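Residue numbering restarts at 1 for every chain, and letters A, B, ... go by the order of the sequence lines. Just so it is clear, the model here is predicted, and its values are computed rather than measured.
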2 protein chains.
Amino acid sequence: MSDELMTIRQMCEAFDVTPRTLRFYEARELIFPERRGQHRLYDRRDRARLILILRGKRFGFSLEQIRQLLELYEPGSGNRAQIAATIAIARDRLDDMERQYAELREAIVELKSQLTDAETRLAAVPDDATLEQPTG
Amino acid sequence: MSDELMTIRQMCEAFDVTPRTLRFYEARELIFPERRGQHRLYDRRDRARLILILRGKRFGFSLEQIRQLLELYEPGSGNRAQIAATIAIARDRLDDMERQYAELREAIVELKSQLTDAETRLAAVPDDATLEQPTG
DNA sequence: GGCCAAGTTGACGTGAACGTAAGCAAGACG
DNA sequence: CGTCTTGCTTACGTTCACGTCAACTTGGCC
């Protein structure tokens with residue numbers, strides 16, 4: 001079942017994006033679907049890239065940062081200096097992600113602690129305390 | 001030295017934000033500095049909240065989501081239903097963060113792998129290969 | 001041959017999170 | 001007294017990542 005090429009509609013349903021979004025990513029040079037006449041056709045490579053794009057977005061990267069990162073996943077597309085530059089950019093992104101990873105862990109621990117406190121407070125509040133003043 | 005109250009300028013330097021940003025956060029009800037006459041004065045509570053705001057932003061949360069989360073850190077500010085609602089929202093955020101944490105780990109592993117591959121390719125490319133065709 | 005549905009381009013609109021600029025108040029300083 | 005700095009409010013501008021809409025082409029179908 002059309003394992004190779006997908007229309008824009010199929011892509012939209014598969015990845016929960018709009019046609020506008022896919023054309024936008026193409027305009028920003030993040031994906032390069034074939035053109036059968038007027039129509040776009042997306043292959044496995046495009047789908048793989050889209051998955052990386054959507055993931056990158058969830059991590060808060062801009063489309064331009066993602067575009068640069070995608071070059072790393074697309075080998076053979078440049079000379080030595082080009083490859084080296086891509087690697088440097090990817091290292092920076094990796095650092096960002098590892099920082100964010102550590103920070104996220106801290107935040108999760110703190111939030112859990114606050115949640116526990118709040119649940120304790122909730123259990124301590126009598127049901128009819130709605131109209132009382134907290135502490136003067 | 002001024003451990004208690006800070007002017008907007010001092011806040012901006014301390015947290016690397018602009019006055020516009022601090023006033024914006026206040027308009028969105030994320031911080032509530034005192035008003036000594038016309039001027040704003042920020043205390044330790046405001047600074048703690050600002051730290052949480054900036055961190056939340058790094059995780060990709062909207063200011064509205066952050067505002068709701070901050071209620072969790074500000075006890076005694078509501079009735080039972082209010083507290084329960086805040087807890088529910090915080091649980092959702094916590095789930096988001098834990099999902100993001102796991103996904104981030106995956107992405108880091110993959111990116112590291114791609115980086116290794118790219119470095120191998122870089123080492124394999126002769127210095128004068130700039131004008132050659134990759135693989136026909 | 002006419003019509004609809006799907007797809008395309010191009011232009012403009014939108015919401016979030018600020019930036020920028022204009023104009024005013026108020027204390028400090030010479 | 002003037003003016004300088006700091007801060008305030010109001011309002012409009014900006015960037016990013018799309019949404020929306022109009023007008024066009026294309027393919028299928030009766």
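Going from atom CD of E29(B) over to atom P of dA17(C) covers 14 Å, rounded to whole Å. Whole-Å rounding puts the E26(B) CD to dA17(C) C1' distance at 16 Å. Rounding to whole angstrom units, CZ of residue F24(B) and C1' of dG15(C) are separated by 10 Å. The distance between atom OH of Y25(B) and atom C1' of dA16(C), rounded to the nearest whole Å, is 11 Å. What separates CE of M11(B) from P of dT6(D) is a distance of 18 Å, to the nearest Å. Residue R36(B) contributes atom CZ, which lies 19 Å from atom C1' of dA25(C) at whole-angstrom precision.
For the OP1/OP2 pair of dG19(C) and a distance below 4.0 Å, the side-chain nitrogens and oxygens of T18(B) include at least one atom meeting the criterion.
For the segment residues 54-65 of chain A, no residue has any heavy atom less than 4.0 angstrom from an atom of DNA chain C.
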Contact letters for nucleotides 4-14 of chain C, in which S counts primed atoms plus P, OP1 and OP2 and B counts the base, heavy atoms under 4.0 Å: ---SBB-----
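With hydrogens and angles disregarded, no donor-acceptor distance shorter than 3.5 Å links the side chain of S113(A) to the backbone of V109(A). Judged by distance alone, the side chain of Q10(A) and the main-chain N or O of T7(A) form a donor-acceptor pair under 3.5 Å.
Atom OH of residue Y42(B) and atom CG of residue L50(B) lie 9.0 Å apart, to the nearest 0.5 angstrom.
Counting heavy atoms from C-beta outward, L22(B) and D46(B) have side chains that stay 4.5 Å or more apart. Counting only heavy atoms from C-beta outward, the side chains of R67(A) and E29(A) approach each other to under 4.5 Å. At a threshold of 4.5 Å between non-hydrogen side-chain atoms, the residues D43(B) and E4(B) count as touching.
With axes fitted over five pairs at each extremity, the angle between the ends of the helix from dG1(C)-dC30(D) to dG30(C)-dC1(D) is 20° (10° resolution).
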